[in-house]
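Notes follow once the structure below has been shown.
These numbers come from a predicted model, not from an experiment.
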Amino acid sequence: MSMSVAVWEVANRLGVVAGTPAELFSVLLAGPRRTVRLPLPPDHALVRALRPLGHLDLVLDEPPQLPGPPPAGSVDLGDPAAVCAADPVRVTRAYEADPDPRDGLRPAWLRAGQSLLRDQDPADRALVLLAALDEGADPRTAAALTRGAAGSPWTLARSSRRPCTALTAAPDGRPVVREDRVLAVACLPDGTQAALDERGRLRLPGGRAGRLADAVAATLASHPATALAAAGDSVLTGDRMGTVHAFSLTGLEQAALHSGRVTALTATVTATAPAAATATATASGAAPSPAPAALTVYSGGTDGTVRAWRPGRPPGRSALARRPCPVVALHATGPYLAVAWADGLAELRRPDTGGTALFRPGPRIRAVAATADGTLVVGLDDAVLHLACRPRR
């Protein structure tokens with residue numbers, strides 16, 4: 001097993017994202033002590049490098065009997081359909097031994113390898129490769145991968161090679177991409193972009209953005225936040241103790257939702273009309289009064305849960321989602337909820353129906369956003385992907 005394949009295999013088993021030994025070591029040193037079972041021999045270079053870390057208990061299994069380097073012509077490394085259908089370990093080893101970029105296929109494969117290594121349909125591999133292509137790749141490669149991805153539940157609507165640290169949506173629904181070093185970004189009702197800096201303080205354009213935002217900024221100056229969102233007339237923050245705070249001009253509400261740090265927040269506002277009041281207004285001929293707005297807050301944490309909470313009500317006991325890794329980012333629009341996880345998985349969820357569509361780009365995910373038409377926007381260190389969901393054929 002080559003070094004790249006070994007790193008991807010370890011990362012997948014540990015629920016983290018790493019493309020190089022250095023990235024793997026950094027992730028492991030930042031986390032708790034873990035045990036991992038590896039199909040590697042004791043003298044493998046990665047095993048020798050991991051043993052001194054002290055954060056990993058290695059259990060080594062007998063490695064599978066892999067063939068030697070693929071004979072010439074066994075896998076056409078320039079044929080998108082062939083590499084998507086072939087054994088991913090053999091393809092990786094062949095690309096490592098051959099520096100020819102193959103019209104963009106080789107760099108795309110090595111960029112997205114941690115996802116491609118997983119067991120999946122050729123159509124899903126084609127989509128991952130398509131999303132990982134450089135902008136200078138041969139258009140014929142992109143066209144072939146687009147045809148190959150026709151059976152995937154996603155369509156790559158567009159992609160751009162640009163860094164992304166945070167995502168949200170403007171009041172008009174347009175995705176807002178931040179490239180500077182911030183923890184989160186939120187659009188206030190007047191369109192002002194508020195950002196949470198790396199110290200957990202609120203940053204506002206021009207320093208001020210109204211009474212509520214100024215009050216939140218003053219609070220965070222002495223009590224830093226770990227997550228930020230805004231919806232309706234409320235600003236939401238999360239803290240390292242797992243508590244979510246809902247600030248509005250009428251006061252402050254809070255709920256302890258997580259065990260450990262809150263890592264992501266988003267919120268939506270929906271109109272609610274009591275049935276009895278509406279029926280009375282209709283019977284009397286009077287126009288019904290404007291429906292009160294209900295704020296729904298979604299939060300994610302290092303405890304690997306996504307929870308929903310309505311300020312003014314006690315939080316529910318059950319989690320909306322639970323996985324064995326931290327939540328990285330959240331964003332809700334209309335009926336859609338986008339979720340990103342620390343193991344490199346992005347989800348587009350429908351909390352009202354329970355439907356979920358999954359996508360793994362390969363590199364780590366920095367941020368996600370959902371649009372009103374059901375497009376999933378995924379922000380990576382070096383790219384922003386727009387994926388439209390479609391039923392699997």
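- L337 and L295 are members of different hydrophobic clusters when ILVMFWY side chains are connected at heavy-atom separations under 4.5 Å.
- Using modelled atom types, one side-chain atom of T333 and one backbone atom of A370 make a donor-acceptor pair closer than 3.5 Å.
- The distance from atom CG of D343 to atom CZ of R323, rounded to the nearest 0.5 Å, is 4.0 Å.
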What donor-acceptor contacts under 3.5 angstrom involve side-chain atoms of residues 22-34, with partners at least two apart or in another chain?
unit_1, atom_1, unit_2, atom_2, d
E23, OE1, G19, N, 2.6
R33, NE, D57, OD1, 3.3
R33, NE, D57, OD2, 3.2
R33, NH1, G54, O, 2.3
R33, NH2, D57, OD1, 2.6
R34, NH1, L14, O, 2.9

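- Here CG of L220 is found 10.0 Å from OG1 of T226. Values are rounded to the nearest 0.5 Å.
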query = Which is it for V7 and T20 under the side-chain contact (heavy atoms from CB on, under 4.5 Å) test, yes or no, and what are the steps along the way?
reply = CA-CA 6 Å; V7 168; T20 65; 5.8 Å; no

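- Checking side-chain atoms of R161 against main-chain N and O of L133 turns up a donor-acceptor pair under 3.5 Å.
- For A231 against L236, the heavy-atom pair with the smallest separation is N-CD2, 4.4 Å.
- A donor-acceptor pair under 3.5 Å is absent between the side-chain atoms of S234 and the main chain of A230, judged by distance alone.
- Between the side chains of T250 and S248, a donor-acceptor pair is found at a separation under 3.5 Å.
- Hydrophobic cluster membership is shared by L345 and V306, with clusters built from Ile, Leu, Val, Met, Phe, Trp and Tyr side chains linked at under 4.5 angstrom.
- Side-chain atoms of D239 and H223 form no donor-acceptor pair, as typed in the model, at a separation below 3.5 Å.
- Using a 4.5 Å heavy-atom cutoff, the side chains of Y298 and P351 are in contact.
- Under a cut-off of 6.0 angstrom, the local environment of CZ in R240 is sparse, with at most 12 non-hydrogen atoms contributed by other residues, nucleotides or ligands.
- For the residue pair Q254/T243, the side-chain donor-acceptor check at 3.5 Å is not satisfied.
- In this structure, the side chain of T266 engages the main chain of A332 through a donor-acceptor pair within 3.5 Å.
- Of the possible donor and acceptor atoms, one in the side chain of D98 sits under 3.5 Å from a partner among the backbone N and O of D100.
- When side chains are defined from C-beta on, H331 counts as touching T168, because their heavy atoms get closer than 4.5 Å.
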Please determine whether side-chain contact (heavy atoms from CB on, under 4.5 Å) holds for the pair R350 and T356, giving the CA-CA distance in whole Å, both sets of side-chain angles, and the decisive distance to 0.1 Å.
CA-CA 6 Å; R350 286 285 304 259; T356 304; over 6 Å; no

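- Looking at every heavy atom in both residues, P122 comes nearest to A85 through CG-CA, 4.2 Å.
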Report the C-alpha distance between L348 and V368 in whole Å, list the side-chain angles of each, state the deciding distance to 0.1 Å, and finish with yes or no for side-chain contact (heavy atoms from CB on, under 4.5 Å). CA-CA 9 Å; L348 185 64; V368 287; over 6 Å; no

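- Checking side-chain atoms of T237 against main-chain N and O of L228 turns up no donor-acceptor pair under 3.5 Å.
- Taking the charged nitrogens against the carboxylate oxygens, D303 and R322 have no contact shorter than 4.0 Å, which rules out a salt bridge.
- Under a 4.0 Å N-O distance rule, the pair D381/R366 qualifies as a salt bridge.
- Between G148 and A126, the shortest heavy-atom contact is C-CB, 3.7 Å.
- Between A369 and L167, the shortest heavy-atom distance links the atoms N-CD1, 4.0 Å.
- More than 12 heavy atoms of other shown residues, nucleotides or ligands fall within 6.0 angstrom of atom CE in M3.
- One side chain, W109 or T92, offers a donor N or O that lies under 3.5 Å from an acceptor on the other.
- Between P80 and G78, the shortest heavy-atom contact is CD-O, 3.4 Å.
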Practice task
Starting from the C-alpha separation in whole Å, work towards a yes-or-no answer on salt bridge (Lys or Arg N to Asp or Glu O under 4.0 Å) for D124 and R360.
Solution key: CA-CA 9 Å; D124 296 323; R360 289 183 181 271; over 6 Å; no

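- The closest donor-acceptor contact from the side chain of E253 to the backbone of G312 lies under 3.5 Å.
- In the displayed structure, R13 atom CZ is contacted under 6.0 Å by more than 12 heavy atoms of other residues, nucleotides or ligands.
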> Passes salt bridge (Lys or Arg N to Asp or Glu O under 4.0 Å), D382 versus R162? Steps please.
Replying inline: CA-CA 5 Å; D382 62 353; R162 59 182 297 191; over 6 Å; no

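- Within the 4.5 Å cutoff, side-chain heavy atoms of P88 are placed close to those of R125.
- Residues L50 and V5 share a single hydrophobic cluster, defined by chaining ILVMFWY side chains whose heavy atoms lie under 4.5 Å apart.
- Under the 4.5 Å side-chain criterion, counting only non-hydrogen atoms from C-beta, H245 is in contact with L252.
- Between L105 atom CG and C84 atom SG the span is 7.5 Å, to the nearest 0.5 Å.
- In this structure the side chain of W341 reaches within 4.5 angstrom of the side chain of V339, judged on heavy atoms.
- Looking at V182 and L196, their side chains never come closer than 4.5 Å, going by heavy atoms from C-beta outward.
- For the 3.5 Å distance criterion, the side chains of T165 and E179 fail to qualify, holding no donor opposite an acceptor.
- A cation-pi arrangement is absent between R349 and Y336 under the rule of less than 6.0 angstrom and at most 45 degrees off the ring axis.
- In this structure, the side chain of H386 does not engage the main chain of A157 through any donor-acceptor pair within 3.5 Å.
- Side chains of D134 and P107 form a contact here, defined as non-hydrogen atoms less than 4.5 Å apart.
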Verdict with reasoning, D138 to R102, per salt bridge (Lys or Arg N to Asp or Glu O under 4.0 Å):
CA-CA 9 Å; D138 190 321; R102 305 287 178 173; over 6 Å; no

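- Taking every heavy atom of both residues into account, G362 and V17 meet most closely at O-CG1, 3.6 Å.
- Two different hydrophobic clusters hold V176 and L188 under the rule that ILVMFWY side chains link at heavy-atom gaps under 4.5 Å.
- Partners of D197 by salt bridge (charged side-chain N to carboxylate O under 4.0 Å, His left out), not counting sequence neighbours, listed by chain and number: R203.
- T305 and H258 share a donor-acceptor pair across their side chains, judged by distance under 3.5 Å alone.
- One hydrophobic cluster, built from ILVMFWY side chains closer than 4.5 Å, cannot hold both V377 and L385; they sit in different ones.
- Between the side chain of W154 and the main chain of L358, a donor-acceptor pair closer than 3.5 Å is present.
- Of the inter-residue distances, the one linking D43 atom CG with R48 atom CZ reads 6.5 Å to the nearest 0.5 angstrom.
- Here the side chains of L38 and V59 are not in contact, with every heavy-atom distance at 4.5 Å or above.
- Rounded to the nearest 0.5 Å, atoms CG (L56) and CZ (R51) are 10.0 Å apart.
- Between the side chain of T353 and the main chain of G355, a donor-acceptor pair closer than 3.5 Å is present.
- For D233, there are no side-chain hydrogen bond (donor to acceptor under 3.5 Å, both in side chains) partners at least two apart in sequence or on another chain.
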Evaluate S299 against R307 for side-chain hydrogen bond (donor to acceptor under 3.5 Å, both in side chains), listing each step before the verdict.
CA-CA 5 Å; S299 62; R307 296 185 179 276; over 6 Å; no

